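Side-chain atoms are counted along with the backbone in the values below, which use heavy atoms only and exclude waters and symmetry mates. In this chain, residues are counted from 1 in sequence order. Just so you know, these numbers come straight off a predicted model, no measurement behind them.
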Amino acid sequence: MTFRRRSLSYANVTSTLALAIVLSVGSAYAASQLPSRSVGERALRPGAVTAEKLRKQAVTAPKIKAGAVQKGKIAGEAITSAKIADGAVVTPKLAGEVVTTDKISSDAVTGAKVNEASLGQVPSAAFADNAETAANANPEAFARVSVEGTVFPADSKGIDVSDVKQGKLYPGSYCIAMPFPAKGAQVTPEYAGHNQVSAYITLGGSESCQAGAAEVQTYNAGSHSKEPFFVVFYR
């Protein structure tokens with residue numbers, strides 16, 4: 001058997017190059033003309049779709065699966081006030097003790113929003129617990145008394161004419177039946193044309209007055225003297 005050796009000719013080289021060009025162009029054309037929906041998830045290599053390959057604004061809200069964006073995927077300070085819809089943050093969404101005093105702006109909490117039962121007593125209001133009556137502003141018993149021990153009803157309260165009697169030991173002594181067990185009392189001389197008058201009061205009786213009564217003593221220039229006075233009793 002004999003073999004015929006073939007030699008390269010211009011025609012052979014030209015035809016081979018032409019075939020290669022046709023195949024490469026056809027493949028490129030075919031790749032650029034892929035049918036719709038022909039490239040699925042399985043055709044994509046892991047890691048093939050990178051951030052740089054995504055078109056701007058290609059990932060919209062409807063394209064994000066529910067629950068896909070977790071805490072670890074949110075950048076610091078990414079969620080600003082402008083990104084939160086009105087009414088989006090409701091009470092059940094607030095963590096315990098997340099709203100602290102520092103987070104509340106001044107004058108933000110009004111009286112209508114305060115539970116009064118949760119408020120403690122104002123420290124200075126503790127004094128009101130012992131104030132059964134506003135004795136300083138409107139005492140329960142007071143009287144204006146003349147030099148002879150006469151009570152002026154128009155200027156008195158809780159003390160009648162029969163409640164005041166003159167003491168027996170010396171002038172300027174007046175015994176007053178107290179309308180209640182008083183815890184305190186005050187007597188003030190009424191001006192009668194001279195300014196050397198003074199007055200004192202004793203609760204609980206004395207040598208001149210019976211037990212349980214109050215004794216008022218009036219003086220003029222240091223000596224016992226009948227003088228008009230005002231008296232007030234406090235509970």
Side-chain angles (χ1 to χ4, degrees), residues 91 96-97 99-235:
T91 302
E97 301 181 358
V99 181
T100 59
T101 303
D102 297 337
K103 301 298 178 64
I104 301 175
S105 60
S106 301
D107 300 327
V109 180
T110 60
K113 300 296 184 180
V114 177
N115 180 7
E116 296 179 2
S118 66
L119 299 177
Q121 186 183 57
V122 178
S124 60
F127 295 103
D129 293 339
N130 298 322
E132 297 180 2
T133 60
N136 291 328
N138 186 22
E140 290 191 42
F142 56 89
R144 178 188 175 196
V145 183
S146 70
V147 294
E148 300 299 332
T150 302
V151 175
F152 296 89
D155 301 324
S156 305
K157 175 184 176 182
I159 300 176
D160 298 328
V161 175
S162 60
D163 293 331
V164 181
K165 301 183 183 302
Q166 294 193 51
K168 298 178 181 180
L169 295 182
Y170 38 76
S173 175
Y174 305 89
C175 298
I176 305 174
M178 294 185 295
F180 50 81
K183 294 181 179 179
Q186 182 177 352
V187 61
T188 305
E190 182 178 0
Y191 181 72
H194 46 84
N195 57 7
Q196 295 181 328
V197 176
S198 58
Y200 303 90
I201 187 169
T202 302
L203 299 179
S206 64
E207 296 180 1
S208 298
C209 303
Q210 70 275 18
E215 181 186 17
V216 172
Q217 297 182 28
T218 57
Y219 298 81
N220 185 358
S223 300
H224 285 97
S225 174
K226 292 183 178 181
E227 301 292 342
F229 61 90
F230 297 92
V231 64
V232 177
F233 292 98
Y234 303 103
R235 285 189 180 276

Taking every heavy atom of G212 against every heavy atom of M178, the minimum-distance pair comes out as O-CE, 3.0 Å
From C209 atom SG to L203 atom CG, the distance as rounded to the nearest 0.5 Å | 11.0 Å
Tell me, with the steps shown, if I104 and V99 meet side-chain contact (heavy atoms from CB on, under 4.5 Å).
-> CA-CA 7 Å; I104 301 175; V99 181; 4.0 Å; yes
Got a second to check how far Q196's CD is from S223's OG, nearest 0.5 Å?
-> 10.0 Å
Closest non-hydrogen atom pair between S208 and C175, with its separation | O-SG, 3.4 Å
Over 60° means perpendicular and under 30° means parallel, so classify the ring planes of F180 and F233, tilted if in between.
-> perpendicular
Verify the neighbour count for atom CG of D107: are there more than 12 heavy atoms of other residues, nucleotides or ligands below 6.0 Å?
-> no
Fit a plane to each ring of Y219 and Y200, take the angle between them on a 0 to 90° scale, and name the class: parallel (under 30°), tilted (30 to 60°) or perpendicular (over 60°).
-> perpendicular
Test S225 against every option in V197, N220, V147 by the side-chain contact (heavy atoms from CB on, under 4.5 Å) rule and name the one that passes.
-> N220
Pair E227, T218: side-chain N/O donor-acceptor within cut-off below 3.5 Å = no
Drop me the distance from R144's CZ to F230's CZ, to the nearest 0.5 angstrom.
-> 5.0 Å
Pairwise distance CD(E190) to CZ(F229) - rounded to 0.5 angstrom = 10.5 Å
Flag the pair K157 / F142 as yes when at least one side-chain heavy-atom distance between them is below 4.5 Å, and no otherwise.
-> yes
Mind checking the CD-NE2 spacing from Q217 to H224? Nearest 0.5 Å is all I need.
-> 4.5 Å
